[in-house]
Amino acid sequence: MDSIRESLLKKSKATKKDRFARVITFSALLLIVVVVISIFLFVASKGLATFFTNKVNLWDFLSGKKWAPGQTNAQGQPLTGALPMITGSFLVTLIAALVATPFAIGTAVFMTEISPKHGAKILGPVTELLVGIPSVVYGFIGLSVIVPVMRHIFGGSGFGIIAGAMVLFIMILPTVTSMTVDTLKSVPRHYRESALALGATRWQMIYKVILRSATPGILTAVVFGMARAFGEALAVQMVIGNAPLMPKGLTSPSSTLTSILTQGIGNTVMGSLENNALWSLALILLLMSLVFNIIMRAIAKKGAM
Amino acid sequence: MKRNWLISAAIVIVAVCLLTFGYATRQKDNGVNITAVGSTALQPLVEAAGEDFASENKGVYVNVQGGGTGTGLAQIQSGAVDLGNSDMFAGEKDAINDKKLVDHKVSVVGISPMINKEAQVDHLTKQQLIAIFTKKVTNWRQVGGADLPIILINRVTGSGTRATFEKWGLDGAKSADSQEQESSGTVQSMVSSTPGAISYASFGYLNDSVVAPKIDGVTPTNEHVISGKWPIWSYEHIYTNGQPTGEVKQFLAYIDSKHIQKTLVPKLGYISVHDMKVSRDENGKLSTVD
Amino acid sequence: MLNPKQSDKLASIILYTIAGLVILILAALVGYILVQGVPHLSWHFLTSSSSAFTAGGGIGVQLFNSFYLLIITMLISFPIALGAGVYLHEYANQKSRLIQLIRTAIEILSSLPSVVVGLFGFLLFVVQFKLGFSILSGAIALTFFNLPLLTRSVEESLRSIPDLQREAGAALGLSRWETVGHIILPAAVPSIVTGVVLSAGRVFGEAAALIYTAGQSAPALDFGDWNPFNTASPLNIMRPAETLAVHIWKVNSEGIMPDAAAVSAGASAVLIIAVLLFNFFARFLSNVLYKRLTATK
């Protein structure tokens, strides 16, 4: 009697294994969380030092227009105005996303609704290939192809926000497109069939049914591409002109948060104000990607109704 | 299922055996590692000298990394590395306490303005140069060239090349806000491809694709740097934390030896410290060497 | 006003144009890199070691380093990402606030500029833990940078397996782990492999995170010595290792060799070809695995 009872109440081997697997997988997740938290703390401690140790006014930092942390203004305050870079980052990101969206949607629709066979064969491998190209190479192509073209069209030096946005456009296009393709694919088949059964043309079906129901997914893809663009450094740095000035127009040299951060960090001394100010830029980047993330989540939630 | 387990166990056992065998038979002279970090401009020289040094001294490895002058000075100050490569005097960086650091000047590098060919300018006065970099002059026509707007390209704030150029080329004037680039190679290719662009770089980057103008009638050549006629030059420094000892000392002596100074240094576009007829101290005081 | 038929035609034309344009742009990009680079390729270029200031240097060591670093990085990051992805999708309570927070944190990490990750790795591993400029430091830094992407793609792959499969497993009396191990993961292999290939591409092309961790010097290797504890051995994980992408960056920014442009173009082409070969190889492997693990013929 007892042995039966025991064997019934005892945890089975499968349960034990399951428990074990649960612990293992959970510790993997925990490890990632520790990594994330340590990086956050690291960037925050360095980035906040500008405000606490070096006593820079937060508002001056965000709204100041002159970036020269090594120099001081008339009041003896260091010149740490990050507004030009913040503006530059937003402008290139927005323009790149604005240009990329119609292209991405068009290509994705073509590849899922019009010619699925060719779509899968061409786009997949090309996307995977393009992520592997180092951003230096993108930057170099930008320098030797895009900048001269811009100079030809708009005059001036050719370096500027437009050139930066074009390079980013090419860089994020594959990502946004392949994410849009995934969304379009997840639109249930019976939507398409119902629309066609009602006598809709292919375009009406695409426009009135598929794109409508895929809108949240497409928006997520675009915001994801924007987050990518926001964090990209080396390629933009080579074509945007990299001048820490308020952008006067779309074709005048300006700079982004990442470009100033990347090129300055090796030339400043750890712990100095110049260095801390750069970490503050990194902190802004981190917070911005948080914002992008929240936007994505909000869109996904709305779409999930 | 059983068989799979056996196979995996066998693989693990074989791998462990191989590793143990490898560990037991490793070369015992893994010896000394000298790590140098800092200026990317100095990296090729130290790297090449390090390879020669390692081949002559068994068991010593010289590990040379870039990372920038700021990183090099910060790391040598904190004692994390053996050698800190720098384009400028440690005292010129505010955040560096140079009391403990020992300076070893390993070579001299000349820096020259470079101008895009389409500007059609091949000589400038120093006043004109200063006027261009402070944006008092904005068209090449004003200094005798083509009718083309001037496009300034600077190296990034904090770079040794920029500091030297502003101090000796612009007589201490700060360059106006403009484009900034991180590296000499990028600057060089930008100047050669952008009509009307002007920037500066060390002599090693000058070639036929850009114009290196005469300043006040002096051409930017090694001879003029050596004689002190060409004012824009700086030392390349290797810093140690405290007086060097042992292999580090030997290595620094090796870099300073005739062998390196006569062969590698000129090949890389640098000038040997021993050839200089003038010398300069941290505050910029010039004196002649006999 | 166009009637529906006409607008359908017009839309089709526009869509064809856009798709054609995009393919043209991307093809031109790849073509440009290949056309610029391929003429510089030679057996000598692929096998000899690089030179700092004379012409005729190769990329042999860098090419090996890239692959080796990629393998080490994957060995570290794939098990962690797989575990975390499985927990997130199969075990975790999806409605829990904490899990939501963790997801957000992971995604933010993925959009951090790589130079920040590189500097973090430099201060922590290279300096604090005294690992020095080494393949190990580089692999850990790349793991940081790789984990969010990989975890996300594992999770997405698991999500794409219909719940029907899980219910079937449960109905057969399998524990959750048995269901995951025997049904879900095998079915998800192809899409997990796609994720791995994508992140491998990024690892291959990454430069900024490695400059401060794996270093930017490539000491000559002794390819006859495969003992991982010897300094000159290619397998040693404590040696500094400049990868192909870092080499391209260095040549472009500071290179003073007379053939810098050619080296950079050739190396870029090699990088693309390497990524391409890697993709083919991974696809092949995933097909074999998929066939062996599932009942597909």
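Owing to the predicted nature of the structure, the values given are computational and were not obtained by experimental measurement. Residue numbering restarts at 1 for every chain, and letters A, B, ... go by the order of the sequence lines.
When the candidates C:Val86, C:Val30, C:Thr17, C:Leu29 are compared by the number of heavy-atom contacts under 4.5 Å with chain A, C:Leu29 comes out ahead. Across C:Ala245, C:Ala105, C:Ser199, the residue that shares the most heavy-atom pairs under 4.5 angstrom with chain A is C:Ala105. Ranking A:Thr258, A:Ile294, A:Ile114 against chain C, the residue ahead of the rest is A:Ile114, based on heavy-atom pairs under 4.5 Å. Among A:Leu30, A:Val35, A:Ile39, the residue with the largest count of heavy-atom pairs under 4.5 Å with chain C is A:Ile39.
No side-chain heavy atom of A:Lys17 sits less than 4.5 Å from a side-chain heavy atom of C:Ser175. Looking at heavy atoms from C-beta onward, A:Ile24 lies out of side-chain contact with C:Trp177 at the 4.5 angstrom threshold. Taking 4.5 Å as the limit, every side-chain heavy atom of C:His89 sits out of range of all side-chain heavy atoms of A:Thr25. Counting only heavy atoms from C-beta outward, the side chains of A:Phe42 and C:Leu123 approach each other to under 4.5 Å. Counting heavy atoms from C-beta on, the side chains of C:Leu119 and A:Trp279 come closer than 4.5 Å. Between C:Leu21 and A:Phe103, some side-chain heavy-atom pair lies under the 4.5 Å cut-off. The shortest side-chain heavy-atom distance between C:Phe120 and A:Val43 does not fall under the 4.5 Å cut-off.
Here the OG1 atom belonging to A:Thr107 is positioned 9.0 Å from the CG atom belonging to C:Leu15, to the nearest 0.5 angstrom. In this structure, OG in C:Ser77 is found 11.5 Å from CG in A:Leu31, a value given to the nearest 0.5 Å. To the nearest 0.5 angstrom, A:Phe110 atom CZ is 14.0 Å from C:Ile14 atom CD1. Residue C:Leu26 holds its CG atom at 6.0 Å from CG of A:Leu173, rounded to the nearest 0.5 Å. Between A:Ile206 atom CD1 and C:Ser12 atom OG the span is 7.0 Å, to the nearest 0.5 Å. If you take CD1 on A:Ile32 and CZ on C:Phe144, they are separated by 10.5 Å, rounding to the nearest 0.5 Å.
With a 4.5 angstrom heavy-atom cutoff, C:Ile272 touches chain A via backbone and side-chain atoms both. In this structure, chain C has heavy atoms under 4.5 Å from both the backbone and the side chain of A:Thr201. Residue C:Leu174 does not touch chain A at all, counting heavy-atom pairs closer than 4.5 Å. Only the side chain of C:Ile25 comes within contact range of chain A, judged by heavy atoms closer than 4.5 Å. With a 4.5 angstrom heavy-atom cutoff, A:Leu261 touches chain C only via side-chain atoms. Contacts between C:Tyr212 and chain A at a heavy-atom distance below 4.5 Å involve the side chain alone, from C-beta outward. In this structure, chain A has a heavy atom under 4.5 Å from the side chain of C:Leu88, while its backbone stays farther away. Residue A:Ser27: no heavy atom, backbone or side chain, is found under 4.5 Å from chain C.
Between C:Ala84 and A:Ala28, the closest heavy-atom pair is N-CB, 3.6 Å. Minimum interatomic distance between A:Gly106 and C:Ile18 (heavy atoms only, all atoms of both residues): CA-CG2, 3.9 Å. In terms of heavy atoms, C:Leu149 sits closest to A:Arg228 at CD2-NH2, 3.8 Å.
A:Tyr207 and C:Asp8 form no side-chain donor-acceptor contact under 3.5 Å, judged by distance and modelled atom types alone.
Within a 6.0 Å sphere centred on CZ of A:Arg19, heavy atoms belonging to other residues, nucleotides or ligands number 12 at most.
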Would A:Met111 and C:Ile23 count as a side-chain contact (heavy atoms from CB on, under 4.5 Å) here? Give the steps. CA-CA 11 Å; A:Met111 291 185 167; C:Ile23 291 171; 4.0 Å; yes

